[in-house]
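Down below is the structure, laid out as structure tokens.
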2 protein chains.
Amino acid sequence: MGKNCVNDYTLRYAAQVRGPYSEQMSRSVTLLDVAEAAGVSIATASRALTGKDRVSRNTVERVRAVASELGYRVDPIARALREGSTRIIGMIVPVIGNPFFAQLVDAVEEQVHAAGFELLLADSHGYVTEEARRLQVFGERKVDGVAIVPSDRIASLPALRALPAGLAVVQLDRSAENAAADFVGVDNEAGFRLLFDHLVDQGVRSVVFAGSDDITSNGAERWDAFQREVQRTGLESGEPYRGEFSIHSGSEAAAALVARRALPDAIVAGSDLIALGLIAGLREHGVRVPEDVLVTGFDGIELGQIYSPSITTVVQPVDGIARDAITYLVGRIQGTESAIRNSRIAPTLRPGRSTQR
Amino acid sequence: MGKNCVNDYTLRYAAQVRGPYSEQMSRSVTLLDVAEAAGVSIATASRALTGKDRVSRNTVERVRAVASELGYRVDPIARALREGSTRIIGMIVPVIGNPFFAQLVDAVEEQVHAAGFELLLADSHGYVTEEARRLQVFGERKVDGVAIVPSDRIASLPALRALPAGLAVVQLDRSAENAAADFVGVDNEAGFRLLFDHLVDQGVRSVVFAGSDDITSNGAERWDAFQREVQRTGLESGEPYRGEFSIHSGSEAAAALVARRALPDAIVAGSDLIALGLIAGLREHGVRVPEDVLVTGFDGIELGQIYSPSITTVVQPVDGIARDAITYLVGRIQGTESAIRNSRIAPTLRPGRSTQR
DNA sequence: CTGAAAGCGCTAACAT
DNA sequence: ATGTTAGCGCTTTCAG
């Protein structure tokens with residue numbers, strides 16, 4: 001029943017509404033309408049509504065009353081043309097399909113709206129060329145600020161530099177070297193310290209890194225952090241696998257590792273997605289986790305918890321990262337002059353079955 | 001040469017115009033700059049660039065040359081104010097964190113950009129109030145079109161109706177009843193037919209539905225489709241579990257099912273996320289999939305493939321849905337008058353280990 | 001405290 | 001084919 005019903009009604013309704021053309025296209029209320037209705041000039045009406053200038057108490061109240069009476073809402077476009085500011089923040093992520101970025105976008109969106117801005121989202125698909133193109137569009141569209149997860153530690157820089165001077169920018173999660181912009185991300189070193197302490201507790205003697213290449217800052221930093229922890233803990237370490245932050249890379253790492261004679265006690269993956277692909281890949285080759293080898297992840301995506309085995313991982317404080325980043329960004333938009341911040345937020349460890357002997 | 005030329009000119013011009021203020025804030029090239037440099041009026045310059053009106057071949061070439069020389073790009077805001085059109089498409093999804101929607105957004109974004117629009121993305125978090133608020137903002141911001149995954153079959157309607165008359169709208173994946181707008185989604189009935197045929201092939205005799213409630217169109221339709229297939233195939237069916245499209249609901253379904261005396265041969269989940277939560281939940285209760293019970297999903301998210309066991313699922317043709325939806329939407333934006341379309345795209349089955357006896 | 005008027009950059013009448 | 005000009009809706013000098 002449901003379906004037929006919908007269609008009938010839908011069609012009928014459509015016929016009824018459309019008609020000759022826009023009989024009912026009620027042109028929206030403009031500031032002039034409000035001014036006239038309130039018996040003041042358009043200038044006074046503007047001042048009364050924005051509150052940025054001296055207007056008598058009485059007038060303000062009257063204008064405001066009339067405005068809400070008429071259902072007036074400023075035209076953001078006219079305002080943008082006049083002010084040169086859109087109250088839009090543009091965001092660029094490498095891959096929205098990566099659950100970690102989806103989580104990050106979600107958190108950022110909330111902060112952006114809370115701050116009274118809209119979010120214009122774009123996906124670079126990991127290509128600096130696309131990233132550059134999107135950044136340029138942001139500049140042309142006169143967004144007030146840009147929140148970016150740079151896809152390339154080095155190559156993301158030129159496009160960032162080409163942004164209109166004075167445009168507020170904040171980097172999240174990953175950074176481009178020498179970008180003169182604030183950055184907020186996880187403390188990778190702290191994360192790996194947690195991970196290694198945990199592995200040592202589990203009696204692990206040898207580890208192998210399966211992470212991303214050096215193209216992204218996190219790829220590079222996590223590999224550095226891994227090496228530093230190997231030093232600190234004195235664990236044995238084998239040839240690393242370096243790919244991308246993806247499930248696919250995890251599977252490839254699995255194939256590569258299995259092809260070697262011996263497995264280490266534990267494999268430290270550069271992200272949860274890699275860990276997931278890794279475990280699935282190992283399983284295909286008959287290697288069981290955690291029975292035959294332990295595996296750790298990084299990021300703390302929800303799916304890691306319900307995977308079998310659940311992934312031991314470093315949980316990124318996504319909300320905190322988003323909050324700080326947007327706070328910084330809005331600060332810059334409002335012109336608060338200050339030194340460039342490089343902010344590292346401490347993560348936490350979430351132990352799972354994947355490292356449980 | 002070109003580039004230096006531009007910058008020199010720009011800077012000189014800026015300095016000259018601005019005065020004491022922003023010494024380095026290179027004001028961008030305006031249409032007037034182009035007109036003057038090309039020795040024509042601003043109107044002619046506009047015509048030459050937009051190509052919407054008769055201009056001599058010569059002039060067109062000269063203006064275009066000068067424009068690209070100077071690096072001119074139209075100001076989208078000024079144009080929007082004048083034309084009343086922003087070349088932006090607004091999109092609303094219930095939860096960007098749901099991998100299926102992330103996939104959908106990705107596909108839509110590609111189509112939107114290919115059509116020469118920008119994408120303004122918003123997340124309703126499943127609340128109609130938020131959805132309504134976002135829709136209103138879209139209207140105010142004068143987006144040219146709206147692509148929406150309505151979060152409520154019924155309650156999403158008012159906000160949709162409140163949109164400025166004539167604003168182009170397309171619904172994806174889910175629909176609101178009686179919304180006078182195009183819709184593109186998967187053919188749920190066809191999907192369940194594939195599923196049931198497969199289950200029957202596996203020798204299944206009894207099934208239970210673990211899906212979403214009737215709040216979303218897909219929740220309602222899939223439950224209907226399930227019942228219809230039960231009729232058609234003559235399988236036995238038990239009391240369904242109805243929740244949300246989430247991992248969490250899957251776990252709850254598992255708890256509910258385990259609490260009953262007997263398990264069916266197969267559990268048909270309303271989505272992959274539910275299936276994932278379900279399998280994880282069953283495992284916690286010592287129930288193995290597929291050994292003790294078979295499980296199917298719906299959507300075809302990547303993670304279903306690497307899960308253990310891999311999920312047998314109905315793969316939605318996400319790219320096709322996005323392509324059709326944006327084609328419809330752009331058609332409406334360009335004023336192609338036509339009847340309202342209700343388009344169902346046929347899915348395919350991807351068998352996995354979760355139904356392999 | 002308020003009003004008149006300029007003008008953001010562009011497109012589209014309306015002239016020529 | 002091209003130029004002149006009005007005006008989209010708003011904020012902000014500049015006067016009073």
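Lettering of chains follows the sequences in order, A, B, ..., and the numbering in each one begins at 1. Nothing here was measured: the structure is a model prediction, and the numbers come from that model.
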query: Can you give one letter per nucleotide of nucleotides 2-7 of chain D, 5' to 3': B if a protein heavy atom sits under 4.0 Å from the base, S if only from the sugar-phosphate, - if neither?
result: BBB-BB
task: Find the distance B:D33:CG to C:dC10:C1' and express it as a whole number of Å.
output: 13 Å
- prompt: What pairs of residues pass the side chain to side chain donor-acceptor pair (under 3.5 Å) test when at least one of them lies in residues 37-49 of chain A, not counting sequence neighbours?
  reply: A:S41-A:T44
field: B:T30 vs C:dC8: side-chain N/O to OP1/OP2 distance below 4.0 Å
entry: no
task: For A:D324 and A:I321, indicate whether the former's side chain and the latter's backbone hold a donor-acceptor pair under 3.5 Å.
output: no
Hey, can you pull the donor-acceptor pairs under 3.5 Å for the side chains in residues 85-96 of chain B, sequence neighbours left out?
unit_1, atom_1, unit_2, atom_2, d
B:S85, OG, B:D144, OD1, 3.4
B:S85, OG, B:D144, OD2, 3.0
B:T86, OG1, B:I88, N, 3.4
B:T86, OG1, B:K142, O, 2.7

- prompt: Residues two or more places apart in sequence or in another chain: which of them pass salt bridge (Lys or Arg N to Asp or Glu O under 4.0 Å) with A:R174?
  reply: none
query: Which whole-number value in Å describes the distance from B:E83 CD to D:dC8 P?
result: 15 Å
message: Tell me whether B:R332 contacts the main-chain N or O of B:A168 through its side chain, where contact means a donor paired with an acceptor under 3.5 Å.
response: no
message: Treating A:E131 as the side-chain partner and A:S151 as the backbone partner, does any N or O pair qualify as donor plus acceptor under 3.5 Å?
response: yes
Between D:dT12 (P) and A:L49 (CG): distance, integer Å: 13 Å
field: Residue pair B:H113 / A:R134, side-chain donor-acceptor N/O under 3.5 Å
entry: yes
query: Between the side chain of B:S56 and the main-chain N/O of B:T59, is any donor-acceptor distance below 3.5 Å?
result: yes
- request: Measure the angle between the two terminal helix axes of the helix from C:dC1-D:dG16 to C:dT16-D:dA1, five base pairs each, and quote it to 10°.
  value: 40°
message: Without decimals, in angstroms, what is the distance between A:L32 CG and D:dC10 C1'?
response: 11 Å
message: Give the residues of residues 71-81 of chain A touching DNA chain D, defined as any heavy atom closer than 4.0 Å, sorted by residue number.
response: A:Y72, A:V74, A:D75, A:A78, A:R79
- prompt: Atom CD of B:E140 and atom P of D:dC10: how far apart are they, to the nearest Å?
  reply: 11 Å
query: Can you tell me how far CD1 of B:I154 sits from CG of B:D152, rounded to the nearest 0.5 angstrom?
result: 7.0 Å
- prompt: Is there a side-chain contact between A:V170 and A:F183, using heavy atoms and a 4.5 Å cut-off?
  reply: no
Donor-acceptor contact below 3.5 Å, side chain A:E140 vs main chain B:R73: no
statement: Separation of C:dG3 atom C1' from A:E36 atom CD, nearest Å, is 14 Å
